[in-house]
Amino acid sequence: MTRLKACRSFALLAGLAMASPARADQFVLFDATFTYTKEDADNAKPSKSHYYVKDGLINKDRPRDWTAPVDYRNGTVHIRTEVIEKPAGSEPTTWSLCYIANKGRGGHSYGCTGTDVYREKGVYEKDVSMTKFWQNDAIDWTKGIKQMDLVIKDNSGGNGHAHKRPDHEKFFPTKVRITMIQVSAGARYDPALVPNLPPATVKAAAAPKAEAPVVCCGPASLESEVE
């Protein structure tokens, strides 16, 4: 092969490599299927209307440092919400999804994103920037997180906890499967890499969309408590 041909071949291979999409660096933070009743909401401790994802429910192999060697802190989170059972009436419902820090910053120790507001059974998916949700900078991401707090609410805002509603029968009982997949900066969510997803959900994910400002939770009286 002449030197000119060799150079052209090298340039072509380099161009193909640059054009190829980067492999998604991602991990499942948790994948929880659970039934939630009014009794569960009333008796949740330390905070009502909470479902706590910790110990064996959260991925024990999650990184301690979310900034390096793989940068998840500046990536996205793919939120998949499968509403399996929901009371009749199409009452708007959502779950706040709160990262509880091992070490907080600026006097706070958690930050929250959330599911879409939904009215019916079905699957709801979205991508959220890790730098856009409420109090995302209140977590020292080099120290990681210890648990996730999931809070069932209506669509009225941060304090709209479902157990407080006089018509709580519109929210309970419910059964959901909530899956959060952390995707590194510059990568794109790949559903084919997530274990046990139904085939119908294995499709190209939409590009991340900006997260609307979240008025979430108010002050916490305990390090692990999210109001």
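Everything quoted here is computed from the prediction, not taken from an experiment. Positions are given from 1, in the same order as the sequence printed here.
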* To do: Verify, without hydrogens or angle tests, whether Thr115 (side chain) and Trp95 (backbone) share a donor-acceptor contact under 3.5 angstrom.
  => yes
* Any donor-acceptor pair under 3.5 Å from Lys126 side chain to Gly114 backbone -> yes
* Asked: Between atom CZ of Arg73 and atom CD1 of Ile139, what is the distance when rounded to the nearest 0.5 Å?
  -> 8.0 Å
* Asked: Where the side chain of Arg62 meets the backbone of Ile145, is there a donor-acceptor pair that is under 3.5 Å apart?
  -> yes
* Asked: Taking all non-hydrogen atoms of both residues, which atom of Pro173 and which atom of Pro87 are closest, and how far apart?
  -> O-CD, 3.3 Å
* More than 12 foreign heavy atoms under 6.0 Å from NZ of Lys38: is that the case here? -> yes
* Under 6.0 Å from the CD atom of Glu39, do we count more than 12 heavy atoms belonging to anything else shown? -> no
* Member of Leu57, Leu150, Asn59 meeting the side chain to side chain contact (heavy atoms under 4.5 Å, CB included) criterion with Phe30 -> Leu150
* Can you name the residues that form a salt bridge (charged side-chain N to carboxylate O under 4.0 Å, His left out) with Asp154, not counting sequence neighbours? -> Arg165
* To do: Considering non-hydrogen atoms only, spot the tightest contact between Gly111 and Phe133 and give its length.
  => C-CE1, 3.9 Å
* Set of salt bridge (charged side-chain N to carboxylate O under 4.0 Å, His left out) partners for Arg119, sequence neighbours left out -> none
* Answer yes or no: is there an ion pair linking Lys143 with Asp140, defined by an N-O contact shorter than 4.0 Å? => no
* To do: Find out whether Asn74 and Thr131 are in side-chain contact, i.e. whether some heavy atom of one side chain is under 4.5 Å from a heavy atom of the other.
  => yes
* To do: Taking all non-hydrogen atoms of both residues into account, name the closest pair between Tyr110 and Gln135 and its distance.
  => O-NE2, 2.7 Å
* Asked: What is the distance from atom CZ of Arg188 to atom OG1 of Thr76, rounded to the nearest 0.5 Å?
  -> 10.0 Å
* **Non-hydrogen atoms of Asn159 and Lys164 that approach each other most closely** => O-NZ, 3.8 Å
* When you look at Asp116 and Thr81, which way does the side chain to side chain contact (heavy atoms under 4.5 Å, CB included) test go after all the steps? -> CA-CA 8 Å; Asp116 282 327; Thr81 309; over 6 Å; no
Would you mind writing out the side-chain donor-acceptor pairs for residues 174-183 within the sub-3.5 Å range, not counting sequence neighbours?
from, atom 1, to, atom 2, distance (Å)
Thr174, OG1, Glu85, O, 2.7
Arg177, NE, Asp31, OD1, 2.9
Arg177, NH1, Asn196, O, 3.3
Arg177, NH2, Asp31, OD2, 2.6
Arg177, NH2, Asn196, O, 3.3
Thr179, OG1, Asp31, OD1, 2.9
Gln182, OE1, Tyr99, OH, 2.7

